[in-house]
Amino acid sequence: MSSPAASPDRGGDAVVASYRQLAEIYHDLLSREDPDLVLERIVQTVRRLIPVASILVAEAVTEDRALRPLIAEGGWPEGFLDTRLPFGEGLIGIAAERGRAIFSNEAHLDVRAGQVEGTPEDEPEAIISLPLVARGVVIGAMSLYREGLGNTFSDLEFELAQRFADAATLALENARSRSALHELSRRDELD
């Protein structure tokens, strides 16, 4: 008696393909030296890996206990990059304060989610907010947004987003370190 042919595990294949793509992303991001170019590449890569309507990457300003937006793409109001997002407020502020990712497919109904002035109120949206943690210290946070009824994130996308945040953190820290070393070397040459 023969056993039935095993069907391919499509879910497992998707996970393997996603992790292979993440390995390529790590290599690509870590090879970049300019912090601004790394930020641009992070946004491009997120949009390819996990399609989103909007994305926000912010750095932690620890003395102010706030996040300062570095790059925001999508439907952000004029002047948003000049704002500060307090730790503990809104999903991104809570993720930064706690150092843990947050996943809310009904963020418009989530009492933890804040309202950014100048954006539509009560519009259905899903948000993943991710802390960027280097050596146990939150150096920033990133939020991914999908808008519209039924535009939610899957558990796999949440997992991928968390792994991608690790890559983004390493890439930003690497670029900042290289930039600082380059600046020190340039100063030494001038002395």
With a 6.0 Å cut-off on ring centres, are Phe153 and Phe158 close enough? no
Same cluster for [X] and [Y] if Ile/Leu/Val/Met/Phe/Trp/Tyr side chains link at under 4.5 Å?
{"X": "Ile92", "Y": "Ile55", "result": "no"}
{"X": "Val57", "Y": "Leu85", "result": "no"}
{"X": "Leu70", "Y": "Phe87", "result": "no"}

Within a strict 4.5 Å, meaning less than it, do heavy atoms of the [X] and [Y] side chains meet?
{"X": "Phe164", "Y": "Val46", "result": "yes"}
{"X": "Thr83", "Y": "Pro69", "result": "yes"}
{"X": "Leu144", "Y": "Ile127", "result": "no"}
{"X": "Ser104", "Y": "Glu125", "result": "no"}
{"X": "Val133", "Y": "Ile139", "result": "no"}
{"X": "Leu81", "Y": "Trp76", "result": "no"}
{"X": "Glu89", "Y": "Glu97", "result": "no"}
{"X": "Ile42", "Y": "Leu172", "result": "yes"}

Quick one: closest heavy-atom pair of [X] and [Y], and the distance?
{"X": "Val52", "Y": "Arg47", "result": "O-NH1, 3.0 Å"}
{"X": "Gly99", "Y": "Pro131", "result": "C-CG, 3.4 Å"}
{"X": "His108", "Y": "Pro124", "result": "ND1-CA, 3.3 Å"}
{"X": "Leu91", "Y": "Ala107", "result": "CD1-CB, 4.3 Å"}
{"X": "Ser54", "Y": "Gly74", "result": "OG-CA, 3.5 Å"}

So, Gln44 and Arg41: side-chain donor and acceptor under 3.5 Å apart, yes or no? yes
State whether the side chain of [X] and the backbone N or O of [Y] hold a donor-acceptor pair below 3.5 Å, judged by distance alone.
{"X": "Arg65", "Y": "Pro86", "answer": "no"}
{"X": "Arg68", "Y": "Glu59", "answer": "no"}
{"X": "Asp110", "Y": "Arg112", "answer": "yes"}

Atom [atom1] of [X] and atom [atom2] of [Y]: how far apart are they, to the nearest 0.5 Å?
{"X": "Phe103", "Y": "Gln162", "atom1": "CZ", "atom2": "CD", "answer": "9.5 Å"}
{"X": "Arg100", "Y": "Ser129", "atom1": "CZ", "atom2": "OG", "answer": "13.5 Å"}
{"X": "Phe80", "Y": "Glu117", "atom1": "CZ", "atom2": "CD", "answer": "11.5 Å"}
{"X": "Leu49", "Y": "Arg163", "atom1": "CG", "atom2": "CZ", "answer": "12.5 Å"}
{"X": "Leu130", "Y": "Met142", "atom1": "CG", "atom2": "CE", "answer": "5.0 Å"}

Checking Asp36 now: which residues fulfil side chain to side chain donor-acceptor pair (under 3.5 Å) with it, not counting sequence neighbours? none
Residue pair Ile128, Tyr145: steps toward the side-chain contact (heavy atoms from CB on, under 4.5 Å) verdict: CA-CA 7 Å; Ile128 294 175; Tyr145 301 82; over 6 Å; no
Pair Ile71, Leu56 - check side-chain contact (heavy atoms from CB on, under 4.5 Å), show working. CA-CA 6 Å; Ile71 191 166; Leu56 166 64; over 6 Å; no
Would you sort out whether Leu67 and Val61 count as a side-chain contact (heavy atoms from CB on, under 4.5 Å), showing the intermediate values? CA-CA 6 Å; Leu67 296 165; Val61 182; over 6 Å; no
Can Val138 and Leu132 be said to form a side-chain contact (heavy atoms from CB on, under 4.5 Å), step by step? CA-CA 6 Å; Val138 174; Leu132 303 178; 6.0 Å; no
Is it true that atom CD of Gln115 has more than 12 heavy atoms of other residues, nucleotides or ligands lying nearer than 6.0 Å? yes
